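Take a look at the structure below.
The model shown is predicted, which means the values in this text are computed figures rather than measured ones.
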Number of protein chains: 2
Amino acid sequence: MKAETIAAWTLDPGGAIVPQVYALLREAIIRAELAPGDRISESEIAQACRVSRQPVREAFIRLAGEGLLVVRPQRGTVVTRIDYAAVLDARFLREAIEADIVKILAEAADEVVVADLRRQIEAQRAAGDARAFTRLDEGFHRTLADAAGKRGAWKLIEGLKSQMDRVRFLSLDRFRVEKLIEQHSAVVERIAAGDIGGANAAIRLHLRAILADLPEIEAAYPQHFDRPERGLPHPVNAPLALGSGDVGA
Amino acid sequence: MKAETIAAWTLDPGGAIVPQVYALLREAIIRAELAPGDRISESEIAQACRVSRQPVREAFIRLAGEGLLVVRPQRGTVVTRIDYAAVLDARFLREAIEADIVKILAEAADEVVVADLRRQIEAQRAAGDARAFTRLDEGFHRTLADAAGKRGAWKLIEGLKSQMDRVRFLSLDRFRVEKLIEQHSAVVERIAAGDIGGANAAIRLHLRAILADLPEIEAAYPQHFDRPERGLPHPVNAPLALGSGDVGA
DNA sequence: TGTACCATACTTCCATACTAGCTCCCGGCT
DNA sequence: AGCCGGGAGCTAGTATGGAAGTATGGTACA
């Protein structure tokens with residue numbers, strides 16, 4: 001792997017080591033500083049962080065659980081390519097979960113929550129660049145989950161997001177922030193109006209838009225992706241993407 | 001903890017140790033052989049399994065990730081009580097995900113899949129006891145996910161199921177197997193008919209029925225549960241349970 | 001009798017040492 | 001030249017030891 005990426009990573013010796021190493025590596029992978037296919041080893045990271053192999057190992061296990069690493073016993077650990085199927089799966093799961101979340105919110109629209117969300121959208125409009133927007137976007141969706149009393153759901157989504165976030169990072173300079181903000185706004189207004197079906201449709205539309213240019217990104221960064229064999233593997237995704245489900249509740 | 005529970009647990013030295021210890025402990029917790037509140041320690045389990053503490057530790061971490069254990073640094077590790085809120089959260093997530101799964105299936109009803117599911121339902125009818133049914137039930141839901149091309153989704157659901165499974169174990173002799181089978185059948189028939197809304201409603205009804213007697217179970221085994229403070233913590237769950245969402249798509 | 005304090009035992013967390021297994025390269029053979 | 005075998009150098013997996021911190025039980029004191 002690129003040595004400069006991890007040269008002298010320093011971390012707080014006061015706190016627990018494992019989560020720090022985990023966060024550091026996760027960030028590096030999502031930002032593609034650790035590129036797909038890069039091999040990393042426990043001892044290598046341990047040296048860079050000035051800690052023993054043990055906590056690094058535990059961080060590896062967590063990252064492997066999220067599909068960012070593959071640990072092959074006695075062989076080595078590599079950064080996974082972005083699994084096209086896994087990205088779509090993650091989006092599917094997120095869509096299913098967040099769709100039900102906004103339904104809860106629309107059923108009992110809370111003015112305080114709506115006001116908070118509207119304020120967040122204003123902040124998003126004020127955000128300068130795509131990176132700042134991404135951070136605000138994260139907060140927006142977490143707020144939705146919190147407001148619905150589903151903080152546990154968000155914890156799960158966070159894990160799923162890893163794969164999607166890798167794609168988003170690659171498409172940072174590409175996606176139309178204004179459009180996404182408009183979609184956020186649509187979600188909030190449907191919630192405020194108590195329009196369950198509309199809110200449902202709006203969030204589904206939004207979550208599909210996030211990955212709208214996935215094929216484009218894959219074409220631009222083929223080496224970052226695990227190519228799906230064209231045709232076979234995800235026959236159900238295309239129809240889903242068009243006009244699935246209960247959007248018109 | 002109860003020493004007899006883990007006396008002389010023996011495992012295959014050929015394979016990897018961690019998953020074996022993990023499976024052993026998970027099973028024991030779900031079957032309430034390790035009861036909520038029981039304290040276990042790395043060294044204790046390590047001795048019982050005749051392995052070192054390290055792999056046990058990693059198994060602990062995984063179990064803690066599923067909410068079955070709580071590891072408190074320098075204090076000890078205890079089996080969690082069944083978190084009432086977490087159970088409802090898990091059900092919520094499962095419902096959201098499986099609802100979208102059956103929608104996919106209903107959109108393009110595959111005769112082969114439907115036939116397979118019908119066969120499974122016959123097997124469920126033939127199952128003697130609740131325990132056998134539980135195993136078949138697991139297969140049924142996994143088949144739904146597989147058929148929709150969402151094997152990844154099932155992997156996620158498996159993790160969520162831990163909490164629900166603990167409840168189900170406690171209610172093994174209680175729940176009406178016939179009713180659940182009828183609900184399975186309803187799901188399949190709605191899928192076969194291409195009735196998206198109906199299939200959606202049927203699976204949601206079913207997943208809510210699984211935990212129908214949760215309050216009863218909690219009353220019967222109060223020491224197994226983390227009591228929610230009555231009223232406050234899950235205001236959104238009650239309305240959800242009644243008539244939420246897009247069932248009437 | 002009740003309370004504050006301290007020694008001790010036990011916990012997890014991290015570091016270090018050792019084991020087993022895969023890869024790859026290099027030398028010898030065909 | 002091409003192929004096969006063996007060993008060196010990696011890797012992760014497991015074992016063990018030490019450090020830091022917490023609960024606990026006993027003891028001295030008010």
Side-chain angles (χ1 to χ4, degrees), chain A residues 1-3 5-6 8-25 29 34 36-80, chain B residues 1-3 5-6 9-25 29 34-80:
Chain A
M1 65 165 292
K2 298 134 187 165
T5 303
I6 55 164
W9 275 352
T10 174
L11 37 81
D12 170 26
I17 296 176
V18 177
Q20 298 183 66
V21 175
Y22 164 80
L24 229 46
L25 288 171
I29 293 171
L34 287 175
D38 279 353
R39 286 186 44 184
I40 60 180
S41 82
E42 294 177 354
S43 52
E44 178 187 25
I45 303 296
Q47 282 180 4
C49 297
R50 313 291 184 82
V51 296
S52 78
R53 273 180 45 214
Q54 197 50 51
V56 175
R57 171 178 169 72
E58 290 172 13
F60 275 28
I61 292 173
R62 271 185 74 180
L63 292 163
E66 289 184 22
L68 298 180
L69 293 180
V70 169
V71 179
R72 291 174 302 175
Q74 277 71 38
R75 307 228 262 161
T77 299
V78 303
V79 178
T80 59
Chain B
M1 64 166 293
K2 299 135 187 163
T5 303
I6 55 165
W9 274 353
T10 175
L11 37 80
D12 170 27
I17 295 177
V18 177
Q20 298 183 66
V21 175
Y22 164 80
L24 229 46
L25 288 171
I29 293 170
L34 287 175
D38 279 353
R39 287 186 45 185
I40 60 180
S41 81
E42 294 176 355
S43 51
E44 178 187 25
I45 302 296
Q47 281 180 6
C49 296
R50 314 290 184 82
V51 296
S52 77
R53 287 175 4 234
Q54 198 50 50
V56 175
R57 170 178 169 73
E58 292 174 12
F60 275 27
I61 292 172
R62 271 185 73 180
L63 291 163
E66 289 185 21
L68 298 180
L69 293 180
V70 169
V71 179
R72 292 174 303 176
Q74 278 71 34
R75 305 233 247 157
T77 299
V78 302
V79 178
T80 59

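- Take S52(A) and apply the side chain to side chain donor-acceptor pair (under 3.5 Å) test, not counting sequence neighbours, and it matches no residue.
- Residues forming a side chain to side chain donor-acceptor pair (under 3.5 Å) with Q54(A) (at least two apart in sequence, or on another chain): none.
- By the side-chain contact (heavy atoms from CB on, under 4.5 Å) test, R72(B) pairs with V70(B), R75(B), V78(B), sequence neighbours left out.
- For Q47(B), there are no side-chain contact (heavy atoms from CB on, under 4.5 Å) partners two or more places apart in sequence or in a different chain.
- As a whole-Å value, the separation of E42(B) CD from dG17(D) P is 16 Å.
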Taking only nitrogen or oxygen atoms into account, show me every contact under 3.5 Å that the protein makes with nucleotides 21-25 of chain D, one pair per line with its distance.
residue : atom : partner : partner atom : Å
dT22(D) : O4'  : Q74(B)  : O            : 3.4
dA23(D) : OP1  : R75(B)  : NH1          : 2.1

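- In this structure, the CG atom of D38(A) is 15 Å from the P atom of dT11(D), given to the nearest Å.
- Qualifying salt bridge (charged side-chain N to carboxylate O under 4.0 Å, His left out) partners for E58(B), counting only residues two or more places apart in sequence or in other chains: R57(A).
- Scored by the side-chain contact (heavy atoms from CB on, under 4.5 Å) test, V79(A) finds I29(A), L34(A), D38(A), L69(A), R166(A) as partners (sequence neighbours excluded).
- Listed in residue order, the members of residues 54-62 of chain B having a heavy atom less than 4.0 Å from DNA chain D are Q54(B), P55(B).
- Protein chain A touches strand DNA chain C; the 5'-most and 3'-most nucleotides with an atom under 4.0 angstrom of its non-hydrogen atoms are dC14(C) to dT23(C).
- Scanning for salt bridge (charged side-chain N to carboxylate O under 4.0 Å, His left out) contacts around R62(B) gives an empty result, with sequence neighbours left out.
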